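These notes concern the structure reproduced below.
Everything numeric here is computed off the predicted structure, so don't read it as measured data.
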Amino acid sequence: MAETGPQVERYREYLHLLARMQLGPKLQSKVDSSDIVQEALLRAHEGADQFRGSTSAEEAAWLRRILQNTLVDALRHFGAGARNLYLERSLEDSSALLEQWLAANDSSPSEKAVRHEDLLRLAEALAQLPADQRTAVELMHLKGHSVDEVSKIMDRTATSVGGLLRRGMSKLRELLAKGK
């Protein structure tokens, strides 16, 4: 991994998406996901010589582990308790969900590389959505909540959430189509 900085930096929005999914709206009021990602990237830069992988998938896994440790440390700091096994497992589940959402059953290395790039593009496109649209889309399509559950979490009506989802998905499709 000769150029660690640029390679690690390209994962910023992906890590931010994972952090938002882990923290959820309630914990985000206590712990800023941007701060968590910044700290994780700093740790990655500082520990770049410890990375032993050679593929982008291995790099993503290494960064997910750093993000997980950073999240656990932050939650511990805010009194959320000692090592949180649920959080650790949930981070792995979230990243697996994201990969499944994009495509399933790809087997060749080139297909996996394309899927990985699509995942990074999705994270970047989601980051460009207005916060309320992004939250609604992530809760429904990435976390698997129903419209009623999303409306309770966001403290909005189901009709309002439906509008956020329609506008958010429309904008997301537009952003992803531009990137092709």
Not counting sequence neighbours, which residues clear side chain to side chain donor-acceptor pair (under 3.5 Å) with [X]? List them please.
X      : result
Glu13  : none
Gln38  : Arg12
Thr157 : none
Thr70  : Arg43

[Y] and [X], any side-chain heavy atoms less than 4.5 Å apart:
X      : Y      : result
Leu142 : Val137 : no
Gln68  : Gln22  : no
Met154 : Leu164 : yes
Asn69  : Val72  : no
Tyr14  : Glu124 : no

Starting at [atom1] of [X], measure out to [atom2] of [Y] and round the result to the nearest 0.5 Å.
X      : Y      : atom1 : atom2 : value
Leu67  : Leu18  : CG    : CG    : 6.0 Å
Leu122 : Leu17  : CG    : CG    : 6.5 Å
Arg121 : Leu126 : CZ    : CG    : 12.0 Å
Leu42  : Ile66  : CG    : CD1   : 10.0 Å
Leu139 : Thr135 : CG    : OG1   : 6.5 Å
Leu120 : Leu15  : CG    : CG    : 9.0 Å

Mind checking what makes salt bridge (charged side-chain N to carboxylate O under 4.0 Å, His left out) contact with [X], not counting sequence neighbours?
X      : value
Arg167 : none
Arg156 : Asp132
Asp32  : none

With sequence neighbours left out, write down each residue that passes side chain to side chain contact (heavy atoms under 4.5 Å, CB included) with Gln128, or none if nothing qualifies. Leu175
Looking only at non-hydrogen atoms, find the nearest pair between [X] and [Y] and report the distance.
X      : Y      : value
Ala158 : Val147 : O-CG1, 3.8 Å
Val161 : Ser151 : CG2-CA, 3.6 Å
Ala136 : Val150 : CA-CG1, 4.1 Å
Ala74  : Ile36  : CB-CD1, 3.3 Å
Ala60  : Tyr11  : CB-CE2, 3.8 Å
Ser33  : His16  : OG-NE2, 2.9 Å

Within the distance-only criterion (no hydrogens, no angle test), does the side chain of [X] pair as donor or acceptor with the backbone N or O of [Y] below 3.5 angstrom?
X      : Y      : answer
Ser170 : Arg166 : no
Glu39  : Asp35  : no
Lys143 : Met21  : yes
Glu58  : Thr55  : yes

Determine, step by step, whether Lys171 and Glu174 satisfy the salt bridge (charged side-chain N to carboxylate O under 4.0 Å, His left out) criterion, reporting the C-alpha distance in whole Å, the side-chain angles of both residues, the deciding distance to 0.1 Å, and the verdict. CA-CA 5 Å; Lys171 181 67 175 174; Glu174 176 187 320; 3.4 Å; yes
Quick one: do Glu59 and Arg52 make a salt bridge, cutoff under 4.0 Å? no
Please determine whether a side-chain nitrogen of the Lys or Arg among Glu138 and Arg20 lies less than 4.0 Å from a carboxylate oxygen of the Asp or Glu. yes
The test is side chain to side chain contact (heavy atoms under 4.5 Å, CB included); show your working for Glu149 and Met140 and say whether it passes. CA-CA 9 Å; Glu149 291 168 332; Met140 175 126 182; over 6 Å; no
